[in-house]
Number of protein chains: 2
Amino acid sequence: MTFSEENYLKTIYHLTAVSDADISTNAIAEKMETKASSVTDMLKKLSEKDLVNYVKYQGVSLTEKGKLAAKMIVRKHRLWECFLVEKLDFSWDEVHEIAEQLEHIKSEKLINKLDDFLGNPTEDPHGDPIPDANGRIIKVEKQLLSEFEKNQMGICVGVKDTSSDFLKYLDKQEIALGSQIEIIEKESFDSSFRIRVGNKEITVSNKIASNIYIK
Amino acid sequence: MTFSEENYLKTIYHLTAVSDADISTNAIAEKMETKASSVTDMLKKLSEKDLVNYVKYQGVSLTEKGKLAAKMIVRKHRLWECFLVEKLDFSWDEVHEIAEQLEHIKSEKLINKLDDFLGNPTEDPHGDPIPDANGRIIKVEKQLLSEFEKNQMGICVGVKDTSSDFLKYLDKQEIALGSQIEIIEKESFDSSFRIRVGNKEITVSNKIASNIYIK
DNA sequence: TATAATTTTTAGCTTTGTCTAAATTTAATT
DNA sequence: AATTAAATTTAGACAAAGCTAAAAATTATA
Ligand SMILES: [Mn+2]
Ligand SMILES: [Mn+2]
Ligand SMILES: [Mn+2]
Ligand SMILES: [Mn+2]
């Protein structure tokens with residue numbers, strides 16, 4: 001499997017996680033910052049290899065084979081992110097780009113040894129679950145901070161937006177995985193939140209609150 | 001720089017280490033298991049980018065820029081090999097193939113952090129020197145076992161042939177980096193050697209002896 | 001339901017890196 | 001020096017993955 005094929009599978013996998021229905025050509029093109037015509041070409045190829053169910057004009061979904069392949073790429077991506085943060089001391093906003101490269105390294109033995117070396121983590125530095133060697137995922141139920149009400153409390157267990165900009169913002173506000181967050185006030189006018197993180201009180205917009213997972 | 005360009009530079013670098021003179025198109029083709037015509041095409045491109053000095057029909061050499069680029073790839077290759085052996089417990093005959101992939105990961109920060117994580121090793125699992133971040137190499141003088149005479153002694157510090165087959169043979173004979181080797185007898189008829197490794201006496205052919213470095 | 005807008009696919013072109021076969025240059029031998 | 005052999009380059013083709021522009025299908029709207 002080429003890097004490109006792997007990237008398409010991964011994108012379809014991620015899009016499936018949110019929408020459930022068949023994925024459109026345009027949705028893939030947008031996410032991958034490529035053109036719809038390029039996507040069509042690739043979908044034909046992936047379909048030929050039985051990695052996706054593709055019907056002209058009707059969108060695409062992963063076959064079981066394609067789904068497992070996608071999970072293995074996600075597994076590698078997230079394990080490498082753990083390695084970078086826990087062993088090499090990278091911060092969580094620096095690792096995604098490098099993991100985008102490392103996820104394409106081909107060696108089952110390598111990834112399984114890496115998994116052991118890291119102590120078989122179940123989540124990556126952004127709180128996303130790591131599929132095991134068989135593709136199994138332990139799902140942790142988590143809610144967005146934006147869905148919380150006044151006086152509720154929880155622990156930050158993940159982020160929805162994993163962009164470097166957003167993660168750096170969280171660093172600045174001293175919000176990290178494990179941080180305890182308490183909703184002090186919810187402003188009805190703009191749905192912003194007044195929250196306590198540790199011993200500090202800060203105000204975050206609804207957009208921010210919609211990208212932090214709490215449990 | 002593409003993977004392919006990097007592989008060509010690396011190959012020219014390695015061929016230069018043994019021959020000194022300009023490298024021929026065919027020599028590159030043979031080492032890379034590709035065709036001479038493909039090599040010619042690539043040499044033109046690398047020349048265009050000032051990575052090699054190339055004169056039609058006259059062979060090729062690395063420019064300073066090309067040499068540094070090649071060294072950085074070798075640095076990555078050998079550091080990853082260290083990682084695989086020392087941290088992930090791979091044996092020295094398994095790591096080359098995986099390092100061939102990992103050497104193309106692009107991130108200076110990553111490789112320098114990896115270097116630190118490993119304790120800034122100066123040699124890889126096969127006894128080959130690791131260039132530092134500036135491309136500097138600490139050369140250790142070493143001789144081939146085949147050049148030794150009766151009653152001489154030394155420590156195994158490297159191997160010339162790093163093929164999996166040869167390394168497995170050495171494992172079987174319990175010869176590893178650091179092993180003390182003593183020449184008991186040199187057979188003049190076939191230039192084979194009777195040697196002592198640890199407390200065992202074994203006979204090795206001249207071909208074997210010509211691939212083990214001693215100091 | 002007919003028309004317009006949007007989405008998707010097709011057709012044709014480009015770049016990268018490879019190949020084979022033919023032409024050219026260099027090296028080796030009479 | 002002329003001829004043969006070997007090495008190297010050129011010419012032309014191909015597959016992968018991308019693009020633009022045009023055609024076709026689907027969906028939305030009047
Ligand atoms: Mn990531
Ligand atoms: Mn992540
Ligand atoms: Mn190697
Ligand atoms: Mn090595």
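Each chain gets a letter, A, B and so on, in the order the sequences are listed, and its residues count up from 1.
Side-chain nitrogen and oxygen atoms of A:S24 include none within less than 4.0 Å of the OP1 or OP2 phosphate oxygen of C:dT7. The side chain of B:Y8 places an N or O atom within less than 4.0 Å of a non-bridging phosphate oxygen (OP1 or OP2) of C:dT18. The phosphate of C:dT16 has neither OP1 nor OP2 within less than 4.0 Å of any side-chain N or O from B:S4.
Taking atom NZ of A:K35 as the reference point, atom C1' of C:dT7 lies 15 Å away to the nearest angstrom. Atom-to-atom, CG of B:D22 to C1' of D:dA7 comes out at 15 Å; the value is rounded to the nearest Å. For A:L43 and C:dT7, the CG to P distance is 16 Å, given to the nearest whole Å. The CD atom of B:E30 sits 14 Å away from the C1' atom of D:dA6 (whole-angstrom rounding). Following rounding to the nearest Å, A:E33 (CD) and D:dC19 (C1') show an atom-to-atom distance of 15 Å. Rounded to a whole Å, the CD1 atom of B:I23 is 16 Å from the P atom of D:dA7. Between the CE atom of B:M32 and the C1' atom of C:dC19 there is a distance of 15 Å, rounded to whole Å. Between the P atom of D:dA6 and the CG atom of B:N26 lies a distance of 12 Å, rounded to the nearest Å.
The aromatic ring centres of A:H96 and A:H77 sit less than 6.0 Å apart. Between A:F83 and B:F83, the gap from one ring centroid to the other is short of 6.0 Å.
A donor atom on one side chain and an acceptor atom on the other are found under 3.5 Å apart for A:N53 and A:S61. Side-chain atoms of B:N26 and B:S24 form no donor-acceptor pair, as typed in the model, at a separation below 3.5 Å. Using a 3.5 Å distance cut-off with no hydrogens or angles, the side chains of B:D124 and B:W92 do not pair a donor with an acceptor.
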Taking N or O atoms only and anything under 3.5 Å, show me the protein contacts with nucleotides 10-12 of chain C, one pair per line.
from	atom 1	to	atom 2	distance (Å)
C:dT10	OP1	A:K56	NZ	2.6
C:dT10	OP2	A:K44	NZ	2.7

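For B:N112, the side-chain hydrogen bond (donor to acceptor under 3.5 Å, both in side chains) partners at least two apart in sequence or on another chain are B:R75.
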With side chain to side chain contact (heavy atoms under 4.5 Å, CB included) as the criterion, how do B:V60 and B:V39 come out once you've worked through the C-alpha distance, each side chain's angles and the decisive distance to 0.1 Å? CA-CA 11 Å; B:V60 71; B:V39 175; over 6 Å; no

